[in-house]
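Below is one structure; the comments refer to it alone.
Given the structure is predicted, the values throughout are model-derived calculations rather than measurements.
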2 protein chains.
Amino acid sequence: MSKDQTRRRILEAAGPVFAEKGYDAATVREICSRAGVNLAAVNYYFGSKEQLYVETLQYGRDPEGQHDQPLTWPADAAPEDKLRLFIEGLVRQMLGERAPWHRQLMLREILQPTGACRQLVERHFRARMDQLLGILDEILPPEVPLSRRQQIAFSIVGQALYYRVASEIVKFLVDEDQRQAHFGVDQLAAHILDFSLAALGLHPGLAVPRPEVTHEPLEP
Amino acid sequence: MSKDQTRRRILEAAGPVFAEKGYDAATVREICSRAGVNLAAVNYYFGSKEQLYVETLQYGRDPEGQHDQPLTWPADAAPEDKLRLFIEGLVRQMLGERAPWHRQLMLREILQPTGACRQLVERHFRARMDQLLGILDEILPPEVPLSRRQQIAFSIVGQALYYRVASEIVKFLVDEDQRQAHFGVDQLAAHILDFSLAALGLHPGLAVPRPEVTHEPLEP
DNA sequence: GCTTGTTTGAAACAGGCGTATTATACGGCC
DNA sequence: GGCCGTATAATACGCCTGTTTCAAACAAGC
């Protein structure tokens with residue numbers, strides 16, 4: 001087996017393990033076992049577990065030299081549509097079961113940063129934040145100060161992040177049937193978009209009776 | 001030293017340690033060291049680290065037999081005021097530095113439940129959820145289905161939770177000065193209330209020019 | 001074919017962990 | 001006082017961790 005081959009195999013095995021268990025709980029033994037390489041290989045190729053972690057994050061971000069293009073849309077799209085696409089991508093990222101391990105790793109870095117690679121993580125999230133702020137630029141009047149724009153952005157992202165970090169809470173606060181029926185990716189994205197657009201004033205508020213609503217059977 | 005005395009000392013030492021480091025990273029050696037008791041005491045009094053953890057959570061919830069009354073308000077208060085009080089309490093809980101370790105432990109249980117005490121955690125958060133749903137009952141028209149009310153509640157809580165779970169992200173996305181000036185507990189509570197009330201339709205949206213705004217200097 | 005530098009393999013090391021064991025000191029009771 | 005159940009203390013055990021060691025297998029150059 002060629003030299004770079006085993007290196008790659010270690011990286012590809014390390015990704016899911018780190019993503020699932022976190023840095024501390026992941027063991028180099030499991031990584032090596034999954035990769036089918038010897039235990040010593042990690043320290044031979046990477047020097048230490050920590051360095052392997054850093055390089056795994058880099059590898060995940062950019063496996064072949066291609067940047068991952070987060071989200072794109074036609075530049076002339078309506079701001080509401082851009083926001084919709086952004087939120088849909090966000091929710092999909094949070095709830096998508098087959099989330100590639102790279103996203104999961106990044107999320108772990110949000111929740112409890114290891115500090116091993118501030119820069120990398122920072123760049124990643126700053127890009128997405130700027131994207132959202134750009135959309136808000138087209139919606140908000142210019143006199144709204146930056147701090148308020150940031151707060152609004154956080155309010156939008158926070159709604160989506162909730163379903164990832166508090167998924168266990170959701171799981172026992174709303175029962176299985178309701179979850180299946182109303183808490184899928186699409187419905188949540190639609191709700192968060194509704195909530196946010198209403199907050200921004202582009203939709204009527206959720207509490208005001210909405211004439212266009214299809215008449216669902218009233219709850220007893 | 002009396003028997004119950006050391007028991008209490010262990011519990012009170014275990015609280016902060018578990019809260020700061022989490023179940024796995026916390027060690028009984030540190031707990032015993034902080035409590036000034038022998039290493040064997042934990043297993044003597046609690047049988048195992050896990051059981052100590054469970055009893056620590058219970059002890060934190062209810063140290064002396066008094067339930068912690070989460071939040072109260074006059075029953076005849078306006079729904080907006082109740083929501084304001086609720087959100088203020090929420091944000092204070094999330095951001096308050098001197099958060100008693102019990103809150104922190106509960107938050108940890110949200111983010112990564114140990115499963116050691118589902119019931120306890122479940123009761124705790126269901127109570128708060130019901131409180132919020134009660135407030136929404138007074139705001140939303142009756143035909144809004146339960147699932148939508150729950151989504152709205154999660155949208156509100158999610159905004160506040162964000163600043164706890166993603167505090168590191170906030171820290172490098174908005175610079176020190178801005179944070180000091182606009183991301184304190186009071187300002188964030190005010191913003192989340194604004195955003196949510198606007199989303200509900202009780203306030204004008206944030207994007208529509210608000211006549212009552214005090215004219216702050218425009219940003220260049 | 002031999003030498004040289006590199007990669008693999010299995011085992012061992014040192015340290016930290018939760019837990020168990022054993023022995024000592026305390027405090028009320030006959 | 002002597003005794004005994006209980007609380008403390010010190011230490012040892014077994015396990016798992018990241019890391020190191022060192023010999024064997026290998027590829028390449030001459």
Side-chain angles (χ1 to χ4, degrees), chain A residues 1-60 101 105 108-109 112-117, chain B residues 1-60 101 105 108-109 112-117:
Chain A
M1 189 183 311
S2 87
K3 162 182 169 177
D4 287 357
Q5 199 71 350
T6 70
R7 212 188 133 88
R8 278 177 54 107
R9 287 180 58 175
I10 294 177
L11 284 171
E12 305 220 345
V17 176
F18 279 133
E20 284 168 24
K21 315 206 167 178
Y23 177 78
D24 283 325
T27 72
V28 305
R29 277 174 172 82
E30 176 174 2
I31 291 171
C32 291
S33 164
R34 285 211 208 180
V37 306
N38 189 267
L39 170 61
V42 158
N43 280 274
Y44 179 75
Y45 282 104
F46 301 94
S48 70
K49 179 189 184 184
E50 179 168 343
Q51 187 58 26
L52 166 62
Y53 180 72
V54 173
E55 299 205 21
T56 301
L57 237 67
Q58 284 171 335
Y59 178 80
W101 48 266
L105 270 180
R108 271 196 185 277
E109 281 291 324
Q112 25 189 321
T114 63
C117 39
Chain B
M1 188 183 313
S2 87
K3 163 181 169 177
D4 289 355
Q5 199 72 351
T6 71
R7 214 188 130 87
R8 279 177 52 106
R9 286 180 57 177
I10 294 178
L11 284 171
E12 305 221 345
V17 176
F18 279 133
E20 284 168 24
K21 315 205 167 180
Y23 177 79
D24 283 325
T27 72
V28 306
R29 279 173 171 83
E30 176 176 0
I31 291 171
C32 289
S33 164
R34 283 210 208 181
V37 307
N38 189 269
L39 170 63
V42 158
N43 279 275
Y44 180 75
Y45 283 105
F46 301 94
S48 71
K49 179 190 182 182
E50 180 169 341
Q51 186 58 25
L52 166 62
Y53 181 72
V54 174
E55 299 206 20
T56 301
L57 236 67
Q58 283 170 335
Y59 178 80
W101 49 266
L105 271 180
R108 270 195 187 280
E109 282 290 325
Q112 25 190 318
T114 63
C117 39

For B/Gln112, side-chain contact (heavy atoms from CB on, under 4.5 Å) partners two or more places apart
A/Gln112

The nucleotide from C/dT7, C/dA10, D/dA7 with an atom nearest the side chain of B/Tyr45 is D/dA7

Using 30° and 60° as the class limits, which term best fits the ring planes of A/Tyr53 and A/Phe18: parallel, tilted or perpendicular?
perpendicular

Figure out the CD/P separation between A/Gln51 and D/dG18, and round it to whole Å.
16 Å

Name all residues meeting the side-chain contact (heavy atoms from CB on, under 4.5 Å) criterion together with A/Ala40; count only those two or more places apart in sequence or in a different chain, and write none if there are none.
A/Asn38

Starting at CZ of B/Arg9 and ending at P of D/dT8, how long is that distance when rounded to a whole Å?
10 Å

Residues of residues 17-31 of chain A with any non-hydrogen atom less than 4.0 angstrom from an atom of DNA chain D: list those, numerically ordered, please.
A/Ala26, A/Thr27, A/Val28, A/Arg29

Respond yes when some side-chain nitrogen or oxygen of B/Ser48 is under 4.0 Å from OP1 or OP2 of C/dG18, and no when none is.
no

Between A/Lys49 and A/Tyr23, is NZ or CZ placed under 6.0 angstrom from the six-membered ring centre and within 45° of the ring axis?
yes

Quick one: are B/Leu52 and B/Asn43 in side-chain contact, heavy atoms under 4.5 Å?
no

So what does B/Ala41 touch, heavy atoms closer than 4.0 Å: a base, only the sugar-phosphate, or nothing?
nothing

How close or far is atom P of D/dA7 from atom CD1 of B/Ile10, stated in whole angstroms?
12 Å

Closer than 3.5 angstrom, by distance alone: can the side chain of A/Arg108 be matched with the main-chain N or O of A/Glu20 as a donor-acceptor pair?
yes

Identify, between A/Glu50 and B/Tyr44, the residue whose nearest nucleotide on DNA chain D lies closer to the 5' end.
B/Tyr44

